[in-house]
Amino acid sequence: MPAREPGQDFIRDIVTSDLAGGRHKTVVTRFPPEPNGYLHIGHAKSICLNFGVASEFGGHCNLRFDDTNPAKEEQEYIDAIERDVRWLGFDWGDNLFHASDYFERLYEWAEVLIKAGKAYVDDQTHEEMRANRGTLTEPGRDSPFRGRSVDENLDLFRRMRAGEFPNGARVLRAKIDMAAGNINLRDPVMYRILHAPHPRTGTTWSIYPSYDYAHGQSDAIEGVTHSLCTLEFADHKPLYDWFIDNLPVPSKPHQYEFARLNLDYTILSKRVLTQLVRDGHVSGWDDPRMPTIAGIRRRGVPPEALRAFAASIGVARADSRVDYAMFEHPIRELLNKTASRRMAVLRPLKVVIENYPEGQVEELDAINNPEDEAAGSRKVTFGREIFIERDDFMEVPAKKFFRLAPGQEVRLRYAYFVKCTGVVKDASGEVTELRCTYDPETRGGNTPPDGRKVKATLHWVSAAGAVPAEVRLVNHLFANPNPDAGNFAAELNPNSLEVLTGCMLEAAAVASNEAAPMQFERQGYFVRDRDSTPGNPVFVRTVGLKDSFARAVAKG
RNA sequence: UGGGGCGUGGCCAAGCGGUAAGGCAACGGGUUUUGGUCCCGUGAUCCCAGGUUCGAAUCCUGGCGCCCCAGCCA
């Protein structure tokens, strides 16, 4: 057996040894979403695992829709899922399947079990079934219909298929063990009557297989070798194996479970996410605050960064909750190397440079990305009136505040040193304008001949070159790091979205219509949003820059 | 009280009987025309208690704690 590579996870260990031991010649995995909602970051973990393992070991991964419950599934979700998996960077080639592709075969196999005396039609009501299932500590009781003859079961099951009975009138159950400690083995339902049109099979079926009955057999039909799912399905594994062992399936897949993702400040529950959308707590499935792949994409996170995140959290069996910084880190790491820098003043404070000639305007060189020389440079226009960030000025500077204050000198990035000489206030005492002087010898932001140093460099935008825009600051959707999904509405962060209007951006920030991520210097990474209009460009903050000053201030 | 699973530094996570990787975060320090980046440095004896062994996070026994399961959802 080959030595284990450090950093590999237990799934890859199993695949490695299965291949080395000759149990399998190739590896086949599958990503099996139910099209009843949008994919979220937890699914991204699973997608990266399934497609990643397959490609690393030279196998392939199927995209299979687990479409066994037409009451909840919709075409919109099918389309969204395909789009999101592709965007994440994975390709299923020709391996696109649906559990519904196998409905006929699954039906035939159900008759196989009936004929073998291993499945029966139960007429009990929903309530009776529940009452007879027993509890966690008490065994269940056999259904009065458990002893039906094979012929009667066959007849009834065929009539269920023919649509002779109303919804819920009967079910087909596997005959296993009503006293099993594992409740999944207490004669689980294989088929229920459901007169509902299916997105793919239309009205041809009036019975639909359950997850337990459909999943393993679908894996077997597709030749899946390693069926990876989350921990809550561990209890289903004996049932998964029971069907495989009792049916003439073409291959014998094995199920392995790993811990699902939990992320601070987010809820990864399709039920809750659906509710957030339906109740209008967010603007849609792709609201940038949503943990959906669509939301994350719209927020400007590149797919490589999402994949790097998935790789960084690993795969294991221990329940865990991932620190939000783990999500932000790979985004910053990637964008730092790739995003063009631009200057944008989010909360403008006007500054008049008194000794700069009135009416004069000049172009200064600004580097696009100090981490990437090939990104080149651009021109930014400078003039007598500029805007700086309100937060970059304090009339009475706090300790360790190095930015602008009366009498204090700072550098304007790529421009000049300026010193604050005056403050203009309105009737209410609010600062509305600053008066400064500049030092012509510091052009380009260079240190002056006298070697004078300055402790801060500010970003700025000239009034002459500014383009007004709207900027949306996206924050945690939930205020609590570990929000209660059962009471999610009360957990919402009232400040999850800050919409800033009247922001001033340098022209280059809006020159391109494409949604390439940009760094607004000293602030964070932003992308142009699709809500932009010709007169009102809109940007969304992907993630802020680390801010050790803010941290120090917060600590006091 | 039945069945299944899990417990390694604040968080994630390696470790597979030979004397605790790595990443994130935090905190110091250096560089810096982004209080960004980058660079350097700082922290655990492995849930607890016994046992086996020359040697245990790794094996055994007994506790304790946490998670999942009683849908005709997946």
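All values below were derived from every heavy atom in this structure, side-chain atoms included, with hydrogens, water molecules and symmetry-related copies excluded. Just so it is clear: chains get the letters A, B, ... in the order the sequence lines come, proteins before strands, and each one is counted from 1. The structure displayed is predicted, hence computed values, not measured ones.
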Trainee: Could you pull out the protein-nucleic contacts involving nucleotides 72-74 of chain B (nitrogen or oxygen on both sides, under 3.5 Å)?
Mentor:
| from | atom 1 | to | atom 2 | distance (Å) |
| --- | --- | --- | --- | --- |
| B/C72 | OP1 | A/Arg133 | NH2 | 3.3 |
| B/C72 | OP2 | A/Arg133 | NH1 | 3.3 |
| B/C72 | N3 | A/Gly168 | O | 3.2 |
| B/C72 | N4 | A/Gln124 | O | 3.3 |
| B/C72 | N4 | A/His126 | N | 3.4 |
| B/C72 | N4 | A/Gly168 | O | 3.0 |
| B/C73 | OP2 | A/Arg192 | NE | 3.1 |
| B/C73 | OP2 | A/Arg192 | NH2 | 3.0 |
| B/C73 | O3' | A/Arg192 | NH2 | 3.4 |
| B/C73 | O2' | A/Asn69 | ND2 | 3.3 |
| B/A74 | OP1 | A/Thr68 | OG1 | 2.6 |
| B/A74 | OP1 | A/Arg192 | NH1 | 3.3 |
| B/A74 | OP1 | A/Arg192 | NH2 | 3.0 |
| B/A74 | OP2 | A/Tyr211 | N | 2.9 |
| B/A74 | O3' | A/Asp66 | OD2 | 3.4 |
| B/A74 | N6 | A/His236 | NE2 | 3.2 |

Trainee: Using atom P in both nucleotides, what's the gap between B/C11 and B/G50 to the nearest angstrom?
Mentor: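 Those two atoms are separated by 26 Å.
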Trainee: Quick one: label A/Val315 by what it contacts on the DNA or RNA (base, sugar-phosphate, nothing), any heavy atom closer than 4.0 Å.
Mentor: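 Sugar-phosphate, backbone atoms only, no base.
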Trainee: Using the P atom in both, what is the distance from B/G29 to B/G36, to the nearest Å?
Mentor: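 Rounded to whole Å, the distance is 13 Å.
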Trainee: Could you work out, with salt bridge (charged side-chain N to carboxylate O under 4.0 Å, His left out) as the rule, every residue matching A/Asp365, not counting sequence neighbours?
Mentor: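 So A/Asp365 forms a salt bridge (charged side-chain N to carboxylate O under 4.0 Å, His left out) with A/Lys379.
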Trainee: In this structure, how many angstroms lie between the P atom of B/A14 and the CG atom of A/Asp13, rounded?
Mentor: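 From A/Asp13 CG to B/A14 P: 9 Å.
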Trainee: Can you check the distance between B/C54 and B/G3, where both ends of the measurement are the P atom (answer in whole Å)?
Mentor: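 These two P atoms come out 37 Å apart once rounded.
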Trainee: Judged by modelled atom types alone, do A/Ser210 and A/Arg192 share a side-chain donor-acceptor pair under 3.5 Å?
Mentor: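 No, no side-chain donor-acceptor pair sits under 3.5 Å.
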Trainee: Heavy atoms under 4.0 Å is the rule here; annotate nucleotides 35-41 of chain B 5' to 3' with B where the base is hit, S where only the sugar-phosphate is, and - elsewhere.
Mentor: BBB----
Trainee: Could you check how far CD of A/Gln8 sits from P of B/A14, rounded to whole Å?
Mentor: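 Interatomic distance, CD of A/Gln8 to P of B/A14: 11 Å.
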Trainee: For a quick test of your reading: what N or O donor-acceptor pairs under 3.5 Å do the side chains of residues 542-549 of chain A make, sequence neighbours left out?
Mentor:
| from | atom 1 | to | atom 2 | distance (Å) |
| --- | --- | --- | --- | --- |
| A/Thr542 | OG1 | A/Arg299 | O | 2.7 |
| A/Asp547 | OD1 | A/Phe549 | N | 3.2 |
| A/Asp547 | OD1 | A/Ala550 | N | 2.9 |

Trainee: Not counting sequence neighbours, which residues clear salt bridge (charged side-chain N to carboxylate O under 4.0 Å, His left out) with A/Glu232? List them please.
Mentor: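 Only A/Arg260 meet the salt bridge (charged side-chain N to carboxylate O under 4.0 Å, His left out) criterion with A/Glu232.
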Trainee: Just verifying a value: how many Å separate A/Leu261 CG and A/Ile313 CD1, rounded to the nearest 0.5 Å?
Mentor: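 Going from CG on A/Leu261 over to CD1 on A/Ile313, the span is 4.5 Å.
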Trainee: Between B/U53 and B/A14, how far apart are the P atoms? Round to whole Å, please.
Mentor: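 Result for the P pair: 32 Å, nearest Å.
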Trainee: For B/U37 versus B/G4, give the span between their C1' atoms, rounded off to a whole number of Å.
Mentor: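 My reading of the C1' atoms in B/U37 and B/G4 gives 48 Å.
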Trainee: Taking the side chain from A/Tyr191 and the backbone from A/Met160, do they hold a donor-acceptor pair closer than 3.5 Å?
Mentor: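 Side chain of A/Tyr191 to backbone of A/Met160, a donor-acceptor pair under 3.5 Å: no, none is there.
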Trainee: Based on the glycosidic angle (syn within 90° of 0, else anti), state the conformation of B/G5.
Mentor: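 Classified anti.
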Trainee: For A/Arg332, give me all partners under salt bridge (charged side-chain N to carboxylate O under 4.0 Å, His left out), at least two apart in sequence or on another chain.
Mentor: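 Result, salt bridge (charged side-chain N to carboxylate O under 4.0 Å, His left out) vs A/Arg332: A/Glu328.
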Trainee: Please identify each residue that fulfils side chain to side chain donor-acceptor pair (under 3.5 Å) with A/Asn369, with sequence neighbours left out.
Mentor: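 Expected list: A/Arg341.
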Trainee: Could I get the full list of side chain to side chain donor-acceptor pair (under 3.5 Å) partners for A/Thr29, not counting sequence neighbours?
Mentor: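 So A/Thr29 forms no side chain to side chain donor-acceptor pair (under 3.5 Å) with any residue.
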Trainee: Atom NE2 of A/His329 to atom C1' of B/A26: distance rounded to whole Å?
Mentor: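 Computing the A/His329:NE2 to B/A26:C1' distance gives 15 Å.
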Trainee: I need the CZ-P distance between A/Arg321 and B/A13, as an integer number of Å.
Mentor: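 That distance rounds to 13 Å.
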Trainee: Please state how far atom CD1 in A/Ile367 lies from atom P in B/U32, giving the value in whole angstrom units.
Mentor: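 So the two atoms are 15 Å apart, to the nearest Å.
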Trainee: I'd like to check the salt bridge (charged side-chain N to carboxylate O under 4.0 Å, His left out) partners of A/Asp264; sequence neighbours left out, ordered by chain and number.
Mentor: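 Result, salt bridge (charged side-chain N to carboxylate O under 4.0 Å, His left out) vs A/Asp264: A/Arg321.
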Trainee: Is it true that A/Lys72 and A/Glu34 have a side-chain N and a carboxylate O under 4.0 angstrom from each other?
Mentor: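 A/Glu34 and A/Lys72: not salt-bridged.
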Trainee: Do A/Arg452's NZ or CZ and the ring of A/Phe417 fall within the cation-pi criteria of under 6.0 Å and 45°?
Mentor: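 Judged by the rule, A/Arg452 and A/Phe417 form no cation-pi pair.
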Trainee: Are A/Asp391 and A/Arg403 ion-paired here, with the side-chain N under 4.0 Å from a carboxylate O?
Mentor: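 No, A/Asp391 and A/Arg403 are not salt-bridged.
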Trainee: In whole angstrom, give the distance that lies between atom CZ of A/Phe309 and atom P of B/A13.
Mentor: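 Distance, rounded to whole Å: 11 Å.
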Trainee: If the condition is side-chain contact (heavy atoms from CB on, under 4.5 Å), which residues does A/His254 pass it with, not counting sequence neighbours?
Mentor: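 side-chain contact (heavy atoms from CB on, under 4.5 Å) list for A/His254, sorted by chain: A/Lys252, A/Tyr256.
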Trainee: If the threshold is 4.0 Å, N to carboxylate O, is there a salt bridge linking A/Glu389 and A/Arg522?
Mentor: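 Looking at A/Glu389 and A/Arg522, the cut-off is not met.
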Trainee: Rounding to the closest angstrom, what is the interatomic distance between B/G71 and B/U58 at atom P?
Mentor: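 To the nearest whole Å, 39 Å.
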Trainee: Using the P atom on both, measure B/A56 against B/U45 and round to a whole Å.
Mentor: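 16 Å, rounded to whole Å.
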Trainee: One character per nucleotide, please: for nucleotides 1-7 of chain B, 5' to 3', B when the base has a protein heavy atom closer than 4.0 Å, S when only the sugar-phosphate does, - otherwise.
Mentor: BBBSSS-
Trainee: Dot-bracket, 5' to 3', for RNA chain B please: Watson-Crick or G-U pairs under 3.5 Å, [ ] where pairs cross earlier ones, | where the partner sits on another strand, dots elsewhere.
Mentor: .(((((((.[[[..)..(...]]].(((((.......)))))....[[[[[..)....]]]]])))))).....
Trainee: For A/Tyr324 and B/C12, give me the distance from atom OH to atom P, rounded to whole Å.
Mentor: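 So the two atoms are 17 Å apart, to the nearest Å.
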Trainee: For atom C1', what is the distance between B/G28 and B/C69, given to the nearest Å?
Mentor: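 Result for the C1' pair: 49 Å, nearest Å.
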Trainee: In this structure, how many angstroms lie between the P atom of B/C66 and the CZ atom of A/Arg260, rounded?
Mentor: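 My rounded result for the distance is 21 Å.
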